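A quick write-up on the structure given underneath.
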Amino acid sequence: MNKAIAATCTLFLVCACSVSYKFNGASIDYEKTKTIQIADFPIRSSYVWGPMSAIFNNQLKDIFATQTRLIQVRRNGDLKIEGEITQYQQRNKSVTSEGYSAMTELSMTVNVRFTNNANHDQDFEQQFTATASYESTLSLNAVQEEYVTAMSKDITEQIFNATVANW
């Protein structure tokens, strides 16, 4: 009889308890934080590629839309993300034995100001950078859209992790 009671209690406890895992990495208290305000990031770099700002801004808004339940608002968000694209440049990464460029590195840097109106201890201003390398035999025009998209994805994931993942 005691075994039957113990088995019933164990079954009840297993059914009554639940464990919640979030595989997207977000650790948001949705009771306190319901909205997010994401400003468009202008380009403040001396070198500019026109579509870069739109690609970055769309990816930043998309990552929060798809991986959180936060409602995006234009003002007075519980969380606020703003900043600017401060650097976009290419440089020679390696040189051949003949003295010619073999690889070119493209880099993008974004300055972010994050405000958590529920907990100002988490506020920060930080720069995030991503790079991509390509063979110098290719032109920048041939690889620019692909690499700007990849670097934007990398930077938006870094921003997501720094703002709401709290690992």
Side-chain angles (χ1 to χ4, degrees), residues 21-28 33 35-75 77-117 119-167:
Y21 292 103
K22 297 176 196 158
F23 293 105
N24 63 12
S27 59
I28 300 169
T33 308
T35 60
I36 187 166
Q37 175 184 340
I38 303 173
D40 283 338
F41 283 51
I43 301 173
R44 301 277 189 253
S45 173
S46 57
Y47 182 69
V48 175
W49 181 59
M52 178 172 49
S53 182
I55 290 169
F56 175 79
N57 288 317
N58 289 335
Q59 285 190 0
L60 183 60
K61 291 173 184 174
D62 286 351
I63 196 169
F64 283 91
T66 59
Q67 295 192 22
T68 71
R69 296 184 312 204
L70 296 171
I71 299 165
Q72 293 187 25
V73 296
R74 292 193 181 270
R75 59 179 64 95
D78 297 325
L79 303 178
K80 182 178 180 182
I81 299 174
E82 58 187 343
E84 50 279 327
I85 300 168
T86 57
Q87 187 179 59
Y88 178 62
Q89 67 180 11
Q90 62 177 345
R91 65 178 183 86
N92 290 331
K93 185 174 180 182
S94 64
V95 180
T96 66
S97 60
E98 292 86 29
Y100 297 105
S101 174
M103 294 292 290
T104 302
E105 183 177 76
L106 192 61
S107 68
M108 179 176 168
T109 301
V110 176
N111 187 59
V112 175
R113 289 176 298 282
F114 174 70
T115 306
N116 182 338
N117 288 314
N119 182 1
H120 286 289
D121 290 339
Q122 294 180 354
D123 295 357
F124 66 82
E125 182 167 358
Q126 182 178 342
Q127 291 192 345
F128 298 91
T129 300
T131 61
S133 297
Y134 62 95
E135 292 185 24
S136 295
T137 56
L138 300 171
S139 73
L140 177 59
N141 287 338
V143 298
Q144 191 162 227
E145 184 174 356
E146 175 187 352
Y147 288 154
V148 166
T149 300
M151 289 186 301
S152 293
K153 183 178 187 302
D154 183 0
I155 291 172
T156 58
E157 288 173 353
Q158 291 177 51
I159 294 168
F160 181 85
N161 289 333
T163 55
V164 298
N166 296 331
W167 283 70

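Residue indices begin at 1 and follow the sequence shown. Since this is a predicted model, take the numbers as computed values, not measurements.
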*asked:* Run the side-chain contact (heavy atoms from CB on, under 4.5 Å) test on Thr149 and Gln59 for me, step by step, so that the C-alpha distance in whole Å, both residues' side-chain angles and the decisive distance to 0.1 Å come before the verdict.
replied: CA-CA 9 Å; Thr149 300; Gln59 285 190 0; 3.3 Å; yes
*asked:* Would you say that Ile36 contacts Thr68 through its side chain, given a criterion of any heavy-atom pair below 4.5 Å between the two side chains?
replied: no
*Is there a side-chain contact between Thr163 and Phe124 (heavy atoms, below 4.5 Å)?*
yes
_For residues 43-60, which residue pairs pass the salt bridge (Lys or Arg N to Asp or Glu O under 4.0 Å) check, not counting sequence neighbours?_
none
*Are side-chain heavy atoms of Gln126 and Val112 found at a separation under 4.5 Å?*
no
*With sequence neighbours excluded, tell me which residues meet side chain to side chain donor-acceptor pair (under 3.5 Å) with Thr129.*
Thr109
*Considering only heavy atoms from C-beta outward, does the side chain of Trp49 approach that of Leu106 to under 4.5 Å?*
no
*Give the minimum heavy-atom separation between Thr35 and Gly77, together with the two atoms involved.*
OG1-CA, 3.4 Å
*asked:* Would the distance check show the side chain of Asn57 and the main-chain N or O of Phe41 forming a donor-acceptor pair, the cut-off being under 3.5 Å?
replied: yes
*Do any pairs count as a salt bridge (Lys or Arg N to Asp or Glu O under 4.0 Å) and have a residue in residues 54-73, sequence neighbours left out, and if so which ones?*
Asp40-Lys61
*Side chain proximity check, Phe56 to Val148, heavy atoms < 4.5 angstrom*: no
*Evaluate the criterion side-chain contact (heavy atoms from CB on, under 4.5 Å) for residue pair Gln158 and Asn161; output intermediate values, then yes/no.*
CA-CA 5 Å; Gln158 291 177 51; Asn161 289 333; 5.9 Å; no
_Run Leu79 and Phe64 through side-chain contact (heavy atoms from CB on, under 4.5 Å) and show every step you take._
CA-CA 11 Å; Leu79 303 178; Phe64 283 91; 5.6 Å; no
_By the salt bridge (Lys or Arg N to Asp or Glu O under 4.0 Å) test, which pairs, at least two apart or in different chains, include something from residues 136-160?_
Lys153-Glu157
*asked:* Give me each pair satisfying salt bridge (Lys or Arg N to Asp or Glu O under 4.0 Å) with a member in residues 121-132, each pair once, sequence neighbours excluded.
replied: Arg113-Glu125
*asked:* Is the shortest side-chain heavy-atom distance between Met103 and Glu135 below 4.5 Å?
replied: yes
*Checking Ser45 side chain against Tyr88 main chain: does a donor-acceptor pair fall under 3.5 Å?*
yes
*Can you measure from OH (Tyr134) to OG1 (Thr104) and round to the nearest 0.5 angstrom?*
4.5 Å
*asked:* Under the rule for side chain to side chain donor-acceptor pair (under 3.5 Å), what residues qualify as partners of Ser133, not counting sequence neighbours?
replied: Lys93
